[in-house]
Amino acid sequence: ASCSTSEPQGFCAVGYEADCGLSSEKILIKGGTVVNAHRKEVADVYIEDGIVVSVRPNIKVGDHVKIIDATGKYVMPGGIDPHTHLEMEFMGTVTIDDFFTGQAAALAGGTTMHIDFVIPVNGNLTAGLESYMNKAKKAVMDYGFHMAITKWDEGVSKDMELMVNEHGINSFKFFMAYKGSLMISDELLLQGLQKCKSLGAIAMVHAENGDAVAEGQKRMIDLGITGPEGHALSRPPVLEGEATARAIRLANFVNTPLYVVHVMSIDAMEEIAKARKEGQRVIGEPVASGLILDDSWLWHPDYTTAAKYVMSPPIRTSGHDKALRAALSTGVLQLVGTDHCTFNSTQKALGSEDFRKIPNGVNGIEERMHLIWDKMVESGQMTVTDYVRVTSTECAKVFNIYPRKGAILEGSDADIIILNPNASFKIASASHHSRSDTNVYEGTTGKGKVEATISQGRVVYEDGKLKVTPGSGRYIRMPPFGYLFDGMEKADAAYFASLNAPIQRTKSAA
Ligand SMILES: C[C@@H](CNC(N)=O)C(=O)O
Ligand SMILES: [Zn+2]
Ligand SMILES: [Zn+2]
Ligand SMILES: [Zn+2]
């Protein structure tokens, strides 16, 4: 069998890879501009057995080495997507992309690692992890896990220790929205923040006021607004700003780092900016949809078109996207995710009578690298080194897997992309690798094209063809106490020292 394009969407499913003969253990990438977060340089990259062996000009090699000419192109660390939901059970259905199609899409778009969210099973973390390890059996690229916390008791607290100390999880997500399903109370959030601090684990929040959202939804239904536009109107930016501020203050009170996922509005971004200006360790993660799109689509007369843009927090009115891009380019926000959580048009139709039933989520795992390059680097708003920082390096640093991941340095994993700044891309559901029949970026074109993706030292995407093997993906353990925790104990000591001098009071005269 050979690598025929008759394979579904140009896939090389298991068993064909050897026939493709295109992947190899020794690769020399010649003459490209190698870009890391800290510098760019014209240099060769030599890869052997999945590892970067050397990065310098004019590397000489023997035979049996696959040579890739990258002259005039950028050689960069593969993207790392910090926020995905593959094969996630949610709102009565399951996301249409699993660890095969979602990851194939990622590789085709220049992302070589993602961090997915384990959802506990009936609140049980261990059962949740088992379930996700099972889903990931078909993985074709490296992945890590965050763990969601959807209820609190002594068992959950104990299990969090297990997740950190035994299972390589160093981040826990608390949903402040989705009342009645994933949402937790402030009391639980506080317990969770304190537990994360003690474990050296990053606390992550979905920051919307879930109680107010429920009120806002009722308000829309009472007004007879049941279409997708009701989704945006029911949860305005003020509710994202309020929850973001609340989470930031509670993290301050506990004195632990905080990671705000899918920052979608100016309201939330400005709370993060204020906290960071005051020295608080808060990370803000915008996602591709919030950086690129606006909510006018939700008013589209065609339900299928409008419903595909329903996610939470909602994609905002025009202007928020521009402000979020500016914040990302100046370091107010630190890294870009996608929140890839795809439902096809049949699944989205579950909410055709009531927007509250539209499964929340959009695509992005294949489009992120192209969209950020075109919108921010090609436009001159962001440097190529910052592009690497926000799409790969910062994520590796926050989750403590740098420089194994997120860099092209001697000893790093050989997860590398070659981007041609002079080629262009076009986004279409007809050609994308997601299993969904819709794409929120349908028809978008732009400059900059990922022409080759190397994952674990093998060429897995080249000339528009994927050569992936289900089961070849590896679970990447992420150790606790990453850089965001450096020195926190000193701040704590100083704080408690300042309290430990009880005031000596004289008894007031009787
Ligand atoms: C459930 C998950 C994806 N869906 C979404 N953001 O609308 C999330 O809230 O991050
Ligand atoms: Zn093939
Ligand atoms: Zn969320
Ligand atoms: Zn999410």
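Remember, it's 1-based here, ligands and their atoms both numbered in the order they're listed. One-based numbering along the sequence shown. All values reported here derive from a predicted model rather than from experimental measurement.
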Between [Y] and [X], is there a side-chain donor-acceptor contact under 3.5 Å, judged purely by atom types and distance?
X      : Y      : value
Asn439 : Glu366 : no
His340 : Asp81  : no
Thr304 : Asp302 : no

What heavy-atom pair brings Ser265 and Arg316 nearest, and what distance separates the two atoms? CB-NE, 3.8 Å
What part of Phe117 sits under 4.0 Å from ligand 1 if we count only heavy atoms: the side chain, the backbone, both or neither?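 Phe117 to ligand 1: no contact under 4.0 Å from either part.
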Between Asn360 and ligand 1, find which residue part has any heavy-atom pair under 4.0 Å and reply side chain, backbone, both or neither.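 Contact part for Asn360 vs ligand 1: both backbone and side chain.
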Any N/O/S atom, backbone or side chain, of His83 lying under 2.8 Å from the Zn ion (ligand 4)? yes
Taking both backbone and side chain into account, is any N, O or S atom of His206 nearer than 2.8 Å to the Zn ion (ligand 4)? no
Considering non-hydrogen atoms of the protein only, which is the closest contact for atom 6 (N) of ligand 1, and what is the distance?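 Scanning the protein heavy atoms, the shortest distance from atom 6 (N) of ligand 1 goes to Asp339 OD2, 2.6 Å.
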Starting from atom 8 (C) of ligand 1, locate the nearest protein heavy atom and write down its residue, its atom name and how far away it is, to 0.1 Å.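 That would be Tyr178 OH, 3.6 Å.
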Between Phe172 and Phe174, ring centroids under 6.0 Å: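 No, they do not, as the ring centres are separated by 6.0 Å or more.
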Would you name the N/O/S atom of Asp339 that lies closest to the Zn ion (ligand 4)? OD1
Which atoms from ligand 1 have a heavy atom of Lys173 less than 4.0 Å away? 8 (C), 10 (O)
